[in-house]
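Quick notes on the structure that follows.
So that the names make sense, note that chain A is the first sequence line, chain B the second, and so on, each numbered from 1.
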Amino acid sequence: MSTTLSDRYNPQEVETKTYKWWEENGYFKAQDLSTKPPYSIILPPPNVTGFLHLGHALDHTIQDLLIRWKRMSGFNAMWLPGTDHAGIATQSVVEKELKKQGHTRHSLGRDVFIEKVWDWKNQYGDRIYNQMRKLGDSCDWERATFTLDEGVSKAVKKVFVQLYKKGWIYKGQRLVNWSTPLESAISDLEVEFQQVKGTLYHILYSIENSSEFLTVATTRPETMLGDTAVCVNPDDERYKHLIGQNVVLPLINKSIKIIADTYVDPKFGSGVVKMTPAHDFNDYKIGKTHNLEFINILEKNGLLNENAGPYKGLKVQEARKRVIDDLKKQNLIAKEEPYIHSVGHCSRTGAVVEPFLSEQWFMKMDKLAIPAKRVVESGTLRFEPESWTKVYLHWMNIIEDWCVSRQLWWGHQIPAYICQDCNHTTVSETTPTVCEKCVSDQIKQDEDVLDTWFSSALWPFSTMGWPENTEALKTFYPSTYLITGHDIIFFWVARMIMMGLEFKGDIPFRTVYIHGLVRDSQGRKMSKSLGNSIDPVELIEKHGADALRISFLAHLHSGKDFKFSEQRLEGYRNFMNKIWNAARFVLSHLQDFKTPTEGVRALPKKALLSTYDQWIIYALGEVEKKVESALDADRFSEAALALYHFVWNQYCDWYIEFTKPLLQGPKTEERETTQLVLAQVLNRIVRLLHPFTPFITEEIYQKLPIKGQACIIDEYPTALKDKDFLAFGNEEAATEVEVVKEVISSIRNIRGENRISPAQTMAVRLDVNDDRAQKILGANKKSIMTLGKISQLDIAKEGPLAKSAVALIHVKDVSVKVVIPLEGLVDFAEEIKRIEKTIEKLAKDISNLSIKLSNEKFVKNADEEVVAADREILENSKKQMVQLQEALVRFQ
RNA sequence: AGGGAGUUAGCUCAGUUGGUAGAGCGCCACCCUUACAAGGUGGAUGUCGCAGGUUCGAAUCCUGUACUCCCUACCA
């Protein structure tokens with residue numbers, strides 16, 4: 001195998017090949033029976049019609065991070081993928097296709113239409129799966145489930161029948177959101193409210209046996225055809241005397257009652273509201289409490305029906321015009337004013353949603369909600385971030401019965417069979433041949449299908465073979481995490497909890513991790529209409545899946561919405577390139593490295609380790625601890641950023657630089673040892689990063705001299721598991737390296753601030769007072785010279801300062817004075833500026849600290865360590881101040 | 001209207017038990033130094049929304065207030 005890597009990371013080349021290799025080797029598969037502890041995540045099933053969007057990409061990245069991390073940590077990690085049949089969405093897509101061929105679903109008939117939808121699904125249903133592969137999702141594909149699969153359908157029927165028998169599913173007349181083009185009820189989720197410019201019409205209703213009129217205001221005058229009362233506030237002095245009397249409904253001259261309800265706001269409009277219980281949700285409620293008549297004036301297709309009298313057959317908009325014209329002719333319009341209000345539109349067809357009274361199936365929710373609340377209150381089921389608990393409980397407290405029927409063809413047809421003879425409804429899991437009541441064989445299945453969310457609610461167990469008690473269920477239910485956005489907590493998460501408790505007697509998942517929604521860089525929702533949606537597949541092709549993944553993970557914070565920025569993505573693309581090049585460097589310097597037989601367990605000889613080796617191993621241990629605790633606490637960004645900084649700012653910026661002289665030097669045992677450390681640390685870096693950036697890490701891993709079979713199934717490093725190697729880390733060495741880094745940085749600072757060209761040679765003297773400092777600097781002289789780009793370095797006890805730039809360094813108890821003679825190098829003006837700037841900063845610090853430390857209460861109350869630390873800083877600052885002031889004098 | 005969240009550097013955001021404010025990007029200057037210009041080195045930038053309170057000490061805890069955003073509902 002080649003040990004070289006191309007000089008720029010090319011994700012496209014690597015990703016397809018690597019994914020295929022993982023899949024062919026079965027690395028994504030979990031076992032139903034295993035001695036490993038189970039860890040499972042069920043993918044929120046995307047719509048089968050859908051394309052992967054950025055929201056999915058974020059959602060999946062988190063899930064894949066967890067699955068890969070746990071898989072590497074020795075768990076039987078199972079990620080179950082699936083797709084949702086998405087009733088309305090899919091039906092609409094196929095209907096649109098058919099329309100091009102001059103068909104409608106009605107012209108084809110139900111059976112043929114359903115066949116066409118299945119054809120479509122079989123052709124395009126895997127599209128989103130292939131996009132998920134591009135992202136690197138390590139799903140157990142053999143478990144992939146579709147919500148209309150046979151097993152799921154069986155579960156759906158069983159649940160429906162059981163709840164029906166319990167009396168928790170029932171049929172009733174209710175007001176629902178009605179989409180007239182679909183001729184179906186739609187869920188609240190499918191209603192989009194839009195601000196619309198309308199007109200508020202003030203209409204006069206004459207009071208019976210009086211010459212007076214009541215003025216009612218409405219934006220939908222045509223609904224007056226279905227009015228069955230007018231309503232005022234019971235405390236409204238203007239109308240108190242009229243309560244109980246009647247008004248005459250104009251145009252159809254019908255007498256309707258004046259009722260009173262506190263719902264009416266006397267301050268709004270005229271304080272009189274027309275009641276149309278069959279076409280308005282509030283009026284419906286009031287209609288129920290006041291026992292009003294419900295008059296439906298619409299057909300399913302949105303045309304007015306016979307109750308509309310002369311307006312029968314008109315569309316709503318036409319009827320509205322005609323009604324207004326007719327009222328105007330009778331001088332019954334008191335006022336017309338422009339009015340902006342929000343109107344619900346069908347998210348699929350864009351049509352205005354009509355509240356429509358119809359026969360629907362409902363699920364009774366109050367009883368189901370009780371245990372579902374309890375498990376969250378008791379902490380058995382946890383939300384992360386925790387603040388969603390409140391939102392969840394609030395919603396569960398105001399839960400209403402769920403309309404589960406839809407008048408569509410694509411979906412789970414309701415297992416209810418209506419007898420054509422006695423009208424009895426037989427509900428059964430198996431298709432009955434006769435009516436259970438009158439034994440007539442004239443029975444017909446209810447035409448409605450179930451709301452898509454009905455099957456989704458069963459997803460955590462229907463995907464694993466329920467109602468059979470399968471091994472998969474025993475092992476993986478409840479699943480460990482559910483990862484989803486906050487937009488579907490109520491529609492989906494809550495319902496899964498209720499169904500899980502009812503049918504499995506246990507919560508469906510232990511933790512619900514709620515992430516924010518992906519927005520554009522200006523914080524707007526991504527949508528087709530705004531034209532601001534970004535295709536993740538394009539981003540992956542441009543910058544690589546790893547860069548996209550880590551750009552999400554590094555900036556994902558506590559469930560807040562995520563503003564996506566391509567510029568940030570480029571930053572992480574650069575990080576990928578950085579890792580790539582670091583690996584390239586290391587590998588090129590390991591050409592002559594002999595792979596140890598103990599592989600990853602190979603340990604260096606302590607006596608041969610350099611300070612830098614001991615320091616980087618120590619730093620590795622620190623980062624391993626940090627990553628573990630961050631991942632354990634769901635703080636993914638903290639883990640990602642810790643690794644980012646370790647790799648870039650420690651391993652690349654310093655460690656690799658420190659190793660260069662040795663690597664470029666002759667073959668020695670010390671050189672071999674550093675090679676071993678370079679290889680071992682890189683091996684760990686690659687494993688630590690794998691769940692975040694799987695592709696690049698697997699690619700590098702395969703070229704490492706020290707490696708196992710595959711990164712994806714290698715062990716995830718932790719401080720405990722890695723303790724033998726980490727034992728070679730040394731905190732003392734870390735201090736020592738810190739001194740060296742500080743010295744180099746201050747040399748660079750003086751050079752930079754004085755604009756001394758890097759080509760200009762410079763002599764530097766380091767003054768020290770104690771043996772330890774002397775020893776440290778002596779041992780690291782070569783590194784300081786190379787990295788500080790200096791030609792001559794003296795280490796002394798004390799020396800002349802003359803026209804020299806001076807910097808004082810304190811690391812723990814080590815002090816160094818960096819002295820750089822500037823005579824002949826620069827214009828002193830720059831150095832004077834630098835000194836003045838530093839003095840200014842110091843003066844502020846000294847003043848603040850002095851005030852603080854002279855405060856007796858502070859000294860008395862604060863922790864001793866805090867006071868001691870402040871004292872030390874103050875002392876050092878004062879020393880430095882003296883030095884700088886003296887230096888200033890020398891330059892003037 | 002009810003519920004939730006936010007307000008920290010030009011932008012996007014970190015800041016876990018209160019102890020002299022951080023990152024990335026952007027910006028300025030210098031550098032094509034044989035892993036990397038998708039790079040290196042140095043630098044500038046914040047009365048942590050406002051007002052009170054608790055405390056020796058508040059970005060952090062409490063109260064109030066302004067503004068922004070999200071969700072649910074409503075807009076006769």
Side-chain angles (χ1 to χ4, degrees), chain A residues 5 7-9 188 193 200 216-220 223 230-231 263-265 268-276 280-283 339-343 385 387-388 390-391 394-395 398 486-487 489-490 516-517 521 523 525 543 547 551 554-555 557-565 567-568 570-589 629 633 635 637-638 641 644-645 652-653 656-657 660 664 745 748-759 786-787 789 837 844-845 848-849 852 855-863 865-867 869-870 873:
Chain A
L5 301 170
D7 59 354
R8 194 179 260 209
Y9 177 55
D188 294 343
F193 283 89
L200 190 59
V216 300
T218 181
T219 52
R220 295 190 303 156
T223 62
V230 295
C231 188
Y263 155 75
V264 177
D265 176 4
F268 189 91
S270 60
V272 186
V273 185
K274 59 192 270 309
M275 287 290 118
T276 320
D280 182 283
F281 288 98
N282 286 308
D283 297 4
Y339 190 68
I340 295 172
H341 59 143
S342 68
V343 176
S387 55
W388 288 106
K390 276 192 207 164
V391 178
H394 177 247
W395 278 344
I398 57 169
H486 56 67
D487 49 341
I489 293 178
F490 191 57
L517 308 179
S521 58
K525 241 182 183 164
H543 304 297
S551 83
H555 277 266
H557 297 292
S558 58
K560 282 189 215 159
D561 283 351
F562 187 96
K563 278 184 201 156
F564 182 82
S565 132
Q567 215 172 27
R568 178 161 57 212
E570 281 170 20
Y572 288 98
R573 188 267 325 260
N574 295 352
F575 178 49
M576 294 300 101
N577 203 47
K578 187 77 184 176
I579 296 169
W580 185 254
N581 278 297
R584 226 158 50 87
F585 171 85
V586 172
L587 292 175
S588 72
H589 286 88
S629 69
R635 292 198 296 260
S637 62
E638 208 176 296
L641 290 172
Y644 179 97
H645 286 117
C652 292
D653 286 352
I656 284 182
E657 293 305 324
K660 279 181 181 173
Q664 284 151 5
S745 292
R748 285 170 174 171
N749 170 274
I750 290 167
R751 192 190 274 278
E753 295 263 291
N754 281 295
R755 295 167 210 281
I756 300 169
S757 142
T786 313
L787 299 186
K789 291 195 182 303
K837 200 168 71 185
K844 224 195 241 164
D845 289 354
N848 286 343
L849 280 168
K852 203 168 159 188
N855 181 343
E856 277 174 39
K857 287 180 180 167
F858 168 68
V859 178
K860 209 171 74 187
N861 293 323
D863 284 351
E865 293 156 33
V866 174
V867 178
D870 278 354
I873 298 170

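- The shortest distance between side-chain heavy atoms of A:Arg220 and A:Asp280 falls below 4.5 Å.
- Taking both residues in full, the closest heavy atoms of A:Ala547 and A:Tyr572 are given as O-CB, 3.9 Å, listed atom of the first, atom of the second, then distance.
- Side-chain atoms of A:Asp870 and A:Lys852, non-hydrogen and from C-beta on, do get closer than 4.5 Å to each other.
- A:Thr219 comes within 4.0 angstrom of the backbone, heavy atoms only, and of no base.
- Under a 3.5 Å cut-off, the side chain of A:His394 and the backbone N or O of A:Lys390 do not form any donor-acceptor pair.
- Regarding contacts with the backbone of B:A38, a side-chain N or O of A:Arg8 is found under 4.0 angstrom from either OP1 or OP2.
- Residue-level contact check: A:Cys652 touches the bases, meaning some heavy atom is under 4.0 Å from a base atom.
- Taking only side-chain atoms of A:Leu849, from C-beta outward, the nucleotide of B:U20, B:C36, B:U33 with the closest atom is B:U20.
- Look at NZ on A:Lys390: it is 19 Å from P on B:C71, rounded to the nearest Å.
- Taking the P atoms as reference points, B:U16 lies 23 Å from B:C25, given to the whole Å.
- Using atom C1' as the reference point in both B:G46 and B:U12, the two lie 16 Å apart (nearest Å).
- The main-chain N or O of A:His555 is never found under 3.5 Å from a side-chain atom of A:Arg568 such that the two would form a donor-acceptor pair.
- Summarising the geometry, the separation between NE2 on A:His589 and P on B:A35 is reported as 6 Å, rounded to the nearest angstrom.
- Across the protein-nucleic acid pair, A:Glu856 atom CD and B:C56 atom C1' stand 11 Å apart, rounded to whole Å.
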Seminar exercise, completed: Heavy-atom contacts, protein to nucleotides 23-28 of chain B, under 4.0 Å, summarised as B (base), S (sugar-phosphate only) or - (none) per nt, yield S-SS--

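- As rounded to the nearest Å, B:A9 and B:A14 have P atoms that lie 12 Å from one another.
- Between A:Glu753 and A:Gln664, the residue anchored closer to the 5' end of RNA chain B is A:Gln664, taking for each the nucleotide with the nearest heavy atom.
- Atom P of nucleotide B:C71 and atom CH2 of A:Trp395 are separated by 9 Å, given to the nearest angstrom.
- The nucleotide whose nearest atom lies closest to any side-chain atom of A:Lys578 is, among B:C56, B:U72, B:C36, B:C36.
- Among the protein residues, A:Asp845 comes within range of the nucleic acid bases, having at least one heavy atom under 4.0 Å from a base atom.
- You'll find that the side chain of A:Phe858 is closest to B:C56, out of B:A38, B:C56, B:A35.
- Across the interface with RNA chain B, nearest-nucleotide mapping of A:Phe575 and A:Lys844 shows A:Lys844 to be the residue nearer the 5′ end.
- Annotation: B:C62 and B:G18 have their P atoms spaced 11 Å apart (nearest Å).
- Smallest separation of non-hydrogen atoms from A:Leu641 and A:Ala554: CD1-O, 3.9 Å.
- A:Lys563 and A:Ser565 share no donor-acceptor pair across their side chains, judged by distance under 3.5 Å alone.
- The aromatic rings of A:Trp580 and A:Tyr9 lie tilted to each other, with the angle between the two planes from 30° to 60°.
- The base of B:A38 sits with one of its N or O atoms less than 3.5 Å from a complementary donor or acceptor on the side chain of A:Arg573.
- Of the side-chain N and O atoms in A:Lys660, none sit less than 4.0 angstrom from OP1 or OP2 of B:U33.
- Residue A:Asn282 is in sugar-phosphate contact alone, with no base atom involved, counting any heavy-atom pair closer than 4.0 Å across all strands shown.
- Between A:Lys563 and B:C13 there is a side-chain N or O to OP1 or OP2 distance below 4.0 Å.
- In this structure, A:Thr218 and A:Lys274 approach most closely via the heavy-atom pair CB-CD, 3.8 Å.
- Ring planes of A:Phe585 and A:His589: tilted class, angle from 30 to 60°.
- When each of B:U20, B:C31, B:G42 is scored by its nearest atom to the side-chain atoms of A:Arg748, the top-ranked nucleotide is B:G42.
- A donor-acceptor pair is defined here as one N or O able to donate and one able to accept, closer than 3.5 Å; no such pair exists between the side chain of A:Asp561 and the backbone of A:Gly516.
- Looking at heavy-atom distances under 4.0 Å, A:Lys860 makes no contact with the nucleic acid at all.
- Here A:Ile873 lies in heavy-atom contact (under 4.0 Å) with a base.
- Among the nucleotides B:U16, B:A38, B:C36, the one closest to the side chain of A:Glu657 is B:C36.
- In this structure, the nucleotide among B:G3, B:U33, B:G39 sitting nearest to the side chain of A:His394 is B:G3.
- Closest heavy-atom contact between A:Ile750 and A:Ile756: O-CD1, 4.5 Å.
- As judged by a 4.0 angstrom heavy-atom cut-off over every strand, A:Glu865 is placed among residues making no nucleic acid contact.
- Contact between A:Asp283 and A:Thr276 at its shortest, heavy atoms only, is OD2-N, 2.7 Å.
- Residue A:Asn855 places no side-chain N or O under 4.0 Å from the OP1 or OP2 atom of B:C56.
- Taking every side-chain heavy atom of A:Asn848 into account, B:U20 is the closest of B:C31, B:U20, B:G4.
- Here the separation of B:A1 from B:U17, taken at their C1' atoms, is 38 Å to the nearest Å.
- One P atom belongs to B:C11, the other to B:U47, and the distance between them is 13 Å to the nearest Å.
- Rounded to a whole Å, the CG atom of A:Asp561 is 11 Å from the C1' atom of B:C71.
- Within 4.0 Å (heavy atoms only), A:Thr218 reaches sugar-phosphate atoms of the nucleic acid but no base atom.
- Straight-line distance from the CD1 atom of A:Ile656 to the P atom of B:C36: 12 Å, rounded to whole Å.
- Contacts of A:Arg635 with the nucleic acid, taken as non-hydrogen atoms under 4.0 Å apart, include base atoms.
- B:U33 sits 33 Å from B:G22 when the P atoms are compared, rounded to a whole Å.
- Between A:Asn581 atom CG and B:U34 atom P there is a gap of 13 Å when expressed in whole angstrom units.
- On the P atoms, B:G10 is 24 Å away from B:G19, given to the nearest whole Å.
- In RNA chain B, runs of at least 3 stacked Watson-Crick or G-U pairs (N1-N3 plus N6-O4 or O6-N4, or N1-O2 plus O6-N3, all under 3.5 Å) give these stems: B:1-7 with B:66-72, B:10-13 with B:22-25, B:27-31 with B:39-43, B:49-53 with B:61-65.
- Of all nucleotides listed (B:G40, B:C36, B:C56), B:C56 comes nearest to the side chain of A:Asn861.
- The separation between A:Ile489 atom CD1 and B:G3 atom P is 17 Å, rounded to whole Å.
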